[in-house]
Amino acid sequence: AQSVTQLDSHVSVSEGTPVLLRCNYSSSYSPSLFWYVQHPNKGLQLLLKYTSAATLVKGINGFEAEFKKSETSFHLTKPSAHMSDAAEYFCAALRSSARQLTFGSGTQLTVLP
Amino acid sequence: DAMVIQNPRYQVTQFGKPVTLSCSQTLNHNVMYWYQQKSSQAPKLLFHYYDKDFNNEADTPDNFQSRRPNTSFCFLDIRSPGLGDAAMYLCATRGTSANNEQFFGPGTRLTVL
């Protein structure tokens, strides 16, 4: 069975400072990994995905994530937070033979002025 | 633009009064999903269709039904909504290529009075 753990339920940063949202996965194989963002009362929007190509993945809005197999991690980073980045972020894993995503519990990002 | 559309965006119903939520897609994806998302929680998969093949999650209540009359449309029927069914309902689609991400609609916010 696979699981996804988001280590922080809430993260607060000041505008212009770096963002780090942590995600670990547990699996006996290397799944495809995704980061989604959700603004209030909106659906989930894909930020980026890892599919066993480059381990450093660049996404939209300046976000990137690095797949580290040795640490079973897929942390999301951004060099400089913007007020518009305030949202809920979900890490998710997809087993290639399955059709379902396994979601983490989410991290609420607050950006302070 | 190709997209996933959900109607209505906000739905209010009364306790026990049946309600139907709708989802349509222009992506021509084979797989369609319905998720329930309660406040500050990750989306929870209710069921999915692979073409017309219906797959129910083991813990999805019998109160929830779904129909997929064609590739483009999928409906979620809640036969007798309870107060605990108030949530955001998200529809998503996915193509059948390996590692394809899920595309989410904007969601329908259901209120049960």
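In what follows, chains carry the letters A, B, and so on, assigned in the order in which the sequence lines appear, proteins first and then strands, with residues in each chain numbered from 1. All values reported here derive from a predicted model rather than from experimental measurement.
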Looking at every heavy atom in both A:N41 and B:R109, which two are closest together, and how far apart are they?
OD1-NH2, 3.0 Å
With clusters defined by side-chain heavy atoms of hydrophobic residues (ILVMFWY) lying less than 4.5 Å apart, directly or transitively, does A:L20 cluster with A:I60?
no
Gap separating the CZ atom of B:R9 from the NZ atom of A:K42, nearest 0.5 angstrom:
7.0 Å
Could you tell me which portion of A:L46 (side chain, backbone, both or neither) has an atom closer than 4.5 angstrom to a non-hydrogen atom of chain B?
side chain
Quick one: does B:Q102's side chain get under 4.5 Å of A:Y36's, heavy atoms only?
yes
Flag side-chain contact, heavy atom, 4.5 Å: A:Q38 against B:L90
yes
Side chain, backbone, both or neither: which part of B:E57 has an atom under 4.5 Å from a heavy atom of chain A?
side chain
Should B:V19 and B:M88 be counted in the same cluster of Ile, Leu, Val, Met, Phe, Trp and Tyr side chains packed under 4.5 Å apart?
no
Quick check for you: to the nearest 0.5 Å, what is the distance between A:L94 atom CG and B:E101 atom CD?
10.0 Å
At a 4.5 Å cut-off on heavy atoms, which part of B:Q41 comes close to chain A: side chain, backbone, both, or neither?
backbone
ILVMFWY network linking B:W34 to B:Y49, side-chain heavy atoms under 4.5 angstrom
yes
Between B:I78 and B:Y10, is there a shared hydrophobic cluster once you connect ILVMFWY residues whose side-chain heavy atoms come closer than 4.5 Å?
no
Quick check: do A:F90 and B:Q37 have side-chain heavy atoms less than 4.5 Å from each other?
yes
Can you tell me if B:D53 has over 12 outside heavy atoms packed within less than 6.0 Å of its CG?
yes
Group every Ile, Leu, Val, Met, Phe, Trp and Tyr by side-chain heavy-atom contacts under 4.5 Å, then state whether A:V37 and A:V57 land in the same group.
yes
Mind checking whether A:Q100 and B:N55 have side chains closer than 4.5 Å, heavy atoms only?
no
So which part of A:Q108 gets closer than 4.5 Å to some heavy atom of chain B, the side chain, the backbone, both or neither?
neither
Within the 4.5 Å heavy-atom criterion, are B:Y35 and A:L101 side-chain neighbours or not?
yes
